[in-house]
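So that the names make sense, note that chain A is the first sequence line, chain B the second, and so on, each numbered from 1.
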Number of protein chains: 2
Amino acid sequence: MLNYSTSEENYIKAIYHLQQQDGNVTTNELAAELKAKPASITDMMKKLKAKKLLHYEPYQGFSLSNEGKKVALGIIRRHRLWEFFLAEKLKFTWDEVHEVAEHLEHVSSKKLIDKLDEFLGFPRVDPHGDPIPDQDGKIETSRQVCLLDLPFNKSAVVSHVSDQSTEILELLKHKNIVIGTKLEVKKKFSFDNSMEVKAGRQPVFTISEQLAKNIFVKYGA
Amino acid sequence: MLNYSTSEENYIKAIYHLQQQDGNVTTNELAAELKAKPASITDMMKKLKAKKLLHYEPYQGFSLSNEGKKVALGIIRRHRLWEFFLAEKLKFTWDEVHEVAEHLEHVSSKKLIDKLDEFLGFPRVDPHGDPIPDQDGKIETSRQVCLLDLPFNKSAVVSHVSDQSTEILELLKHKNIVIGTKLEVKKKFSFDNSMEVKAGRQPVFTISEQLAKNIFVKYGA
DNA sequence: ATAATAATTTAGATTTGTCTAAAAATATTT
DNA sequence: AAATATTTTTAGACAAATCTAAATTATTAT
């Protein structure tokens with residue numbers, strides 16, 4: 001595996017995330033994601049195409065090649081392992097880990113990352129509930145659904161929170177919800193799309209539409 | 001404290017190390033240290049002077065300003081804390097830590113480093129025996145002497161090894177010498193400048209001039 | 001289907017960090 | 001102290017990553 005510049009890595013990572021949803025990624029989408037100008041995107045796409053990391057024809061959008069995906073998963077592995085380290089060992093709060101991990105992820109010593117993985121006890125998910133790819137780039141493809149779409153009375157486990165703001169952290173803390181919390185939806189109100197939820201033996205409580213939108217859960221087959 | 005580029009940080013660090021011995025640093029010296037061309041050094045010296053990190057007049061060499069020294073000590077703090085982490089927690093060997101720390105040292109989150117320091121138990125020295133500056137940039141100025149200059153029968157503690165090659169590590173391992181080992185010089189032979197040394201209750205053994213040159217010790221007032 | 005609009009690319013400029021080759025300053029030797 | 005050698009600086013070039021403004025292609029609406 002060759003080495004890529006910090007900038008190249010940031011582009012690759014951003015494309016990976018965008019194509020999870022869209023499949024094909026456009027210049028403007030990526031420009032928005034990276035807070036860069038469209039012209040800069042085109043420049044970099046040419047370079048990454050030359051390195052065979054993505055498929056790209058002018059005006060047709062782009063998507064990562066298999067090699068590009070492998071590179072992306074390597075970066076994501078580093079990012080999420082550092083996030084886990086920061087939260088678990090250095091006691092960073094949930095909303096602080098991301099920014100620091102953005103920098104640490106670009107230190108690309110394989111030995112460092114594999115030893116870190118071992119030191120941390122081979123964690124499966126990062127503090128936001130996102131799965132951590134293994135040495136070979138294998139990543140757990142989870143049957144996640146948004147809490148909004150969870151059927152009634154199906155016990156499910158909170159596995160991911162998409163927003164990472166301090167505000168949502170504060171609210172989740174107040175409601176005692178963390179990654180791993182077991183939930184069941186008891187009622188939904190169509191007026192405001194709020195829902196009543198039960199967590200373990202706690203009394204039923206209410207979750208707003210805005211909050212439910214950001215909570216993702218996994219539930220058994 | 002402002003942020004500096006990786007390149008600027010590497011220059012600052014190199015000047016700090018060189019001026020420990022010479023006081024004033026020359027263009028060629030620094031070029032050799034950084035494996036760069038003299039012209040590149042001059043370019044960067046102009047930039048660092050403009051940022052008030054060093055004293056520099058054309059053709060007269062240069063040395064860090066107080067601000068420059070503070071920046072240098074921040075970088076050295078990060079480097080040595082990561083070295084300690086790699087050796088202590090990730091079980092890297094002595095000769096492996098340096099290269100990886102060269103990269104990690106440029107991640108400049110103050111919170112990260114202070115929390116890392118705490119997590120590691122506020123270590124005073126890195127795996128090579130070099131002192132780690134504290135949050136305020138204070139660094140232990142140790143009364144170190146080269147083992148060659150240690151008087152007879154003075155009990156002293158190995159505090160630093162200047163060479164960092166695999167070869168010296170192998171030899172030191174064989175002789176059971178680590179940072180912290182207590183030594184006493186028993187005899188010196190002027191023929192080859194070798195010496196006989198006693199470590200704790202081990203039988204006396206021999207150290208060559210080449211090896212003694214690279215071992216530094218601290219001894220009581 | 002054509003005109004208007006939006007998205008994308010190209011062309012050319014800028015900054016950072018590096019280099020080579022030539023010029024200038026300093027140091028050394030005779 | 002003059003000649004020679006060494007060190008350092010300057011001048012100009014280049015690659016990476018970004019930008020602005022203009023040109024081009026694609027999409028949408030009439």
Under 4.0 Å protein heavy-atom contact, by nucleotide of nucleotides 22-28 of chain C - B base, S sugar-phosphate only: --BSS--
Expressed as a whole number of angstroms, how long is the span from [X]:[atom1] to [N]:[atom2]?
{"X": "B/Ile41", "N": "D/dT6", "atom1": "CD1", "atom2": "P", "answer": "20 Å"}
{"X": "A/Leu48", "N": "C/dT9", "atom1": "CG", "atom2": "P", "answer": "13 Å"}
{"X": "B/Glu57", "N": "D/dT9", "atom1": "CD", "atom2": "P", "answer": "10 Å"}
{"X": "B/Met45", "N": "D/dT10", "atom1": "CE", "atom2": "P", "answer": "13 Å"}

Can you check whether [X] has a side-chain N or O nearer than 4.0 Å to OP1 or OP2 of [N]?
{"X": "B/Ser7", "N": "C/dT18", "answer": "yes"}
{"X": "A/Ser40", "N": "D/dT18", "answer": "no"}
{"X": "A/Lys46", "N": "C/dT9", "answer": "no"}
{"X": "A/Tyr11", "N": "D/dT18", "answer": "yes"}

Does [X] make a cation-pi contact with [Y], if we ask for NZ or CZ under 6.0 Å from the ring centre and within 45° of the axis?
{"X": "A/Lys91", "Y": "B/Phe119", "result": "no"}
{"X": "A/Lys69", "Y": "A/Tyr16", "result": "no"}
{"X": "A/Lys111", "Y": "B/Phe92", "result": "yes"}

Taking 4.0 angstrom as the limit, do B/Glu105 and B/Arg77 come out as a salt bridge?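 No, no charged N to carboxylate O under 4.0 Å.
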Residue mapping more 5' on DNA chain D - nearest nucleotide basis, A/Glu8 or B/Tyr56: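 Upstream on the strand: B/Tyr56.
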How do A/Ser5 and B/Asp43 order along DNA chain D: which one's closest nucleotide is nearer the 5' end?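 Here B/Asp43 is the residue nearer the 5' end.
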For this output row, return yes or no: ring centroids of A/His79 and A/His98 closer than 6.0 angstrom.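 Aromatic pair counts; centres sit under 6.0 Å.
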Pair B/Phe85 + A/Phe85: ring centers closer than 6.0 Å: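 Yes.
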Among side-chain atoms of B/Asn3 and B/Ser108, is any donor-acceptor pair under 3.5 angstrom?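 Yes.
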Using a 4.0 Å heavy-atom cut-off, does A/Phe62 contact any base of the nucleic acid, only the sugar-phosphate backbone, or nothing at all?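 No contact.
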side-chain contact (heavy atoms from CB on, under 4.5 Å) for A/Lys110 and A/Gln135? Distances and angles first, verdict last. CA-CA 9 Å; A/Lys110 175 152 173 50; A/Gln135 279 109 316; 3.8 Å; yes
Report yes or no: does A/Thr27 contribute a side-chain atom to a donor-acceptor pair with the main-chain N or O of A/Pro38 at less than 3.5 Å?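 Not confirmed, A/Thr27 side chain does not pair with A/Pro38 backbone.
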Output the residues of residues 27-37 of chain A in contact with DNA chain C, where contact means a heavy atom of the residue under 4.0 Å from an atom of the strand; sort by number or write none.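 Those residues whose heavy atoms fall under 4.0 Å from DNA chain C, taken from residues 27-37 of chain A in numerical order, are A/Thr27, A/Asn28.
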Which nucleotide in the list C/dA11, C/dT18, C/dT20 gets nearest to the side chain of B/Met44?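 Output: C/dT18.
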